Amino acid sequence: MFSLEKKDGITSARAGVLRTAHGEIQTPVFMPVGTGATVKGVFHRDLKREIDAPVILANTYHLYLRPGTDIIKKAGGVHRFMSWDRAVLTDSGGYQVFSLAANRKLTEEGAIFRSHIDGSKHLFTPEGVIDIQRAIGADIIMAFDECAPYPCDHAYAKKSMELTHRWLDRCVAQMGSTEPLYGTEQMLFPIVQGSVYGDLRKISAEKCAASGMPGNAIGGLSVGEPAEQMYEMIETVNEILPEEKPRYLMGVGTPANLLEGIARGIDMFDCVMPTRNGRNGMMFTSEGTINIRNQRWAEDFSPIDAGSHSEISRTYSKAYLRHLVISGEMLGAQIATIHNLAFYLSLVREARERILDGTFGPWKEETVRKISVRV
RNA sequence: GGGGAGAUACCAAAGUGGCCAACUGGGGCAGACUGUAAAUCUGUUGUCUGAUGACUUCGUAGGUUCGAAUCCUGCUCUCCCCA
């Protein structure tokens, strides 16, 4: 259940609240990625206190392979399994159709995967993916789609989108004929595809809007196309997607991508960047992006981010974090991840405040300029 | 005191007449990463140069040779074994 609280006067930004069985999500929001039922290296305590994430992602494909759907079912769903009482969103495995392209085969029926763990064969169908997500028990679940690669010609993009639409119908039907396993409401979000083609994106947005689901997602972007092209597609799609339902831009992105997305009417984001890039030494700060492994931070004993509300960002110095990351110490990856996520979450929280107090437009322009710098 | 082995770039370690500015690993430096097969991957690492290329290197001082990290001699240093 989503309520729109306020729309920005200048941009298409909005502030809202999405109510789930596991708490309210104030939007715009960034959702940390926790593919295998863990945001790598981060305790729930810190996800709540330092980062204050109201919702995290998990992945259907990964959890299906390990630990397996049965174990999650026996645990009583993913929330109880991982002892996380806030909201969870599961991706359907559609992205793995793209990222594991070498290990899968697409048919009308679904996608046959070769497990990246042991090479075993598995068939993912729209119905099966809904069933697995019922078993996982996430609050928001995603339709099974094909995330088309980039570049991708119009003919393929169209064919792929049409397949995704037929799969969507099957997902919606399966949702209608099944019930949540743990008594908590689950919302299915369809996914707009159509690559970088405006005509296809329009058709796909119409299709998703017509499905009547409680929220909509935009997929197949930030797969290599220029950012401007992504922004154009967002604008095209958001003209069609219903205003009174949340819009989720999947897999995006950089801090600047987030603000540009919000300005175009996006409410929800997720991305591995703050976590994976953090583990690899890239830090996002209000002054821009830094590579903490660079020599220039070796003797910089100032805090990672003095102005952060996160105690971890305020406590540890750049020089110390650099030492940890370079030494391959696990604490380095943890601090980097927590800092980056805290930065992302506080960025979207500030965006929300700016929308609510009517200062989003100019703030966004200035902030995008500042955070896009490579320090 | 006697016998033996060895000194190669930041470290370790190949190389035993030309294909060697020198394998490889580590370390250093830099880059990539967007619904996570990623605590991963890539590049680079004598000096100068945009590149071609030029120049100085393999303990040290000489020598042999068209040509030496590689062969010979002196010196210096290190390590091992026996007493």
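Computed from a predicted model, the values in this text were never measured in an experiment. Each chain gets a letter, A, B and so on, in the order the sequences are listed, and its residues count up from 1.
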Determine the contact category for [X]: base if any of its heavy atoms lies under 4.0 Å from a base atom, sugar-phosphate if only primed atoms, P, OP1 or OP2 are that close, otherwise nothing.
X         : answer
Asn294(A) : sugar-phosphate
Asn280(A) : base
Gln193(A) : base

Taking the same atom, [atom1], in [N] and in [M], what whole-Å distance lies between them?
N       : M       : atom1 : value
rU16(B) : rA69(B) : P     : 13 Å
rU24(B) : rU42(B) : P     : 14 Å
rU73(B) : rA22(B) : P     : 30 Å
rU76(B) : rA61(B) : C1'   : 10 Å
rU64(B) : rC48(B) : P     : 35 Å

Do the ring planes of His22(A) and His79(A) sit parallel (below 30°), tilted (30 to 60°) or perpendicular (above 60°)?
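Parallel.
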
Parallel, tilted or perpendicular: which describes the rings of His122(A) and Tyr64(A), with under 30° parallel and over 60° perpendicular?
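Ring orientation of His122(A) relative to Tyr64(A): perpendicular.
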
Between rA30(B) and Gln295(A), is there an OP1 or OP2 to side-chain N/O distance shorter than 4.0 Å?
no

For the pair Ser92(A) (side chain) and Gly94(A) (backbone), establish whether a donor and an acceptor sit closer than 3.5 Å, ignoring hydrogens and angles.
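The answer is yes, because a donor-acceptor pair under 3.5 Å joins these two groups.
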
Tell me which nucleotide, if any, is Watson-Crick or G-U wobble paired with rG1(B) when both distances must be under 3.5 Å.
rC82(B)

Mate of rU52(B) across any strand shown (Watson-Crick or G-U wobble, both atom pairs under 3.5 Å) is none

Any donor-acceptor pair under 3.5 Å joining the side chain of Arg293(A) to the base of rG31(B)?
yes

Taking atom types as they are modelled, is there a donor-acceptor pair under 3.5 Å from the base of rU36(B) to the side chain of Ser99(A)?
no

Over how many whole Å does the gap from Ile234(A) atom CD1 to rG35(B) atom C1' extend?
14 Å

Asn59(A) atom CG is separated from rA37(B) atom P, nearest whole Å, by 7 Å

Assert: residue with more 5' nearest nucleotide on RNA chain B, out of Met330(A) and Glu146(A), is Glu146(A)

Closest-nucleotide mapping onto RNA chain B: is Arg374(A) or Arg322(A) further toward the 5' terminus? I mean the 5' end.
Arg322(A)

Within 45° of the ring axis of Tyr231(A) and under 6.0 Å from its six-membered ring centre, is that where the NZ or CZ of Arg264(A) lies?
yes

Do the side-chain N and O atoms of His339(A) and Thr337(A) include a donor-acceptor pair separated by under 3.5 angstrom?
no

